[in-house]
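Below, all heavy atoms of this structure are taken into account, side chains as well, without hydrogens, waters or symmetry copies. Residues take their numbers from the sequence shown, with the count starting at 1.
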Amino acid sequence: MTPEVSAILVNYNAGSELATALESIRADCAQVRWEAVVVDNASTDGSAAVVESVPHSRLIRNEVNVGFGRAINQAVAVSKAPLLLFINPD
């Protein structure tokens, strides 16, 4: 089923803040079909692993930090919903 909203997040060592952001999206979007697309910019704190435990979430792992703008574009390119929600995990 196609999501109604794609939540777009760029992560770089966001730690528990990323988990909190994804949980907030899950709770606040309970009444709509949604997906979360997280682009990890070469985090070294293991925070990207959080994404794998969240339903409806997808992770793009960059081997180097490509910057915020390019990471946003990566997420938009693979998002499936007509509405985009840009969120900073911090």
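- For the pair D40 and I60, the minimum side-chain heavy-atom distance is 4.5 Å or more.
- Partners of R70 by side-chain contact (heavy atoms from CB on, under 4.5 Å), not counting sequence neighbours, listed by chain and number: V66.
- Contact check for L9 versus L22: side-chain heavy atoms found under the 4.5 Å cut-off.
- Screening residues 13-31 for salt bridge (charged side-chain N to carboxylate O under 4.0 Å, His left out), with sequence neighbours left out, gives E23-R26.
- Each of V39 and I25 belongs to its own hydrophobic cluster when Ile, Leu, Val, Met, Phe, Trp and Tyr are linked at side-chain heavy-atom distances under 4.5 angstrom.
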Run the side-chain donor-acceptor check on residues 45-55: report pairs under 3.5 Å with partners two or more places apart or on a different chain.
from, atom 1, to, atom 2, distance (Å)
D45, OD1, S47, N, 2.9
D45, OD1, S47, OG, 2.7
D45, OD2, G15, N, 3.1
S47, OG, N11, ND2, 2.9
E52, OE2, R61, NH2, 3.2
S53, OG, V50, O, 2.8

Which atom pairs, donor and acceptor, lie under 3.5 Å between side-chain atoms of residues 80-90 and protein residues at least two apart or in another chain?
none

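- Applying the ring-ring contact (aromatic ring centres under 6.0 Å, His included) rule to pairs touching residues 62-81 yields nothing, sequence neighbours excluded.
- One distance of note links CZ of R58 with OG of S6; it measures 7.0 Å at 0.5 Å rounding.
- T20 places a side-chain N or O within donor-acceptor distance of the main-chain N or O of S16, the cut-off being under 3.5 Å.
- For Q74, the side-chain hydrogen bond (donor to acceptor under 3.5 Å, both in side chains) criterion is met by N62, not counting sequence neighbours.
- Rounding to the nearest 0.5 Å places CG of L18 at 8.0 Å from OG of S43.
- Here the CD atom belonging to E35 is positioned 6.0 Å from the OG atom belonging to S79, to the nearest 0.5 angstrom.
- I72 is listed as a side-chain neighbour of I8, based on a closest heavy-atom distance under 4.5 Å.
- For N73, the side-chain hydrogen bond (donor to acceptor under 3.5 Å, both in side chains) criterion is met by no residue, not counting sequence neighbours.
- Listed by first and then second residue, the ring-ring contact (aromatic ring centres under 6.0 Å, His included) pairs that reach into residues 8-57 are W34-H56, sequence neighbours excluded.
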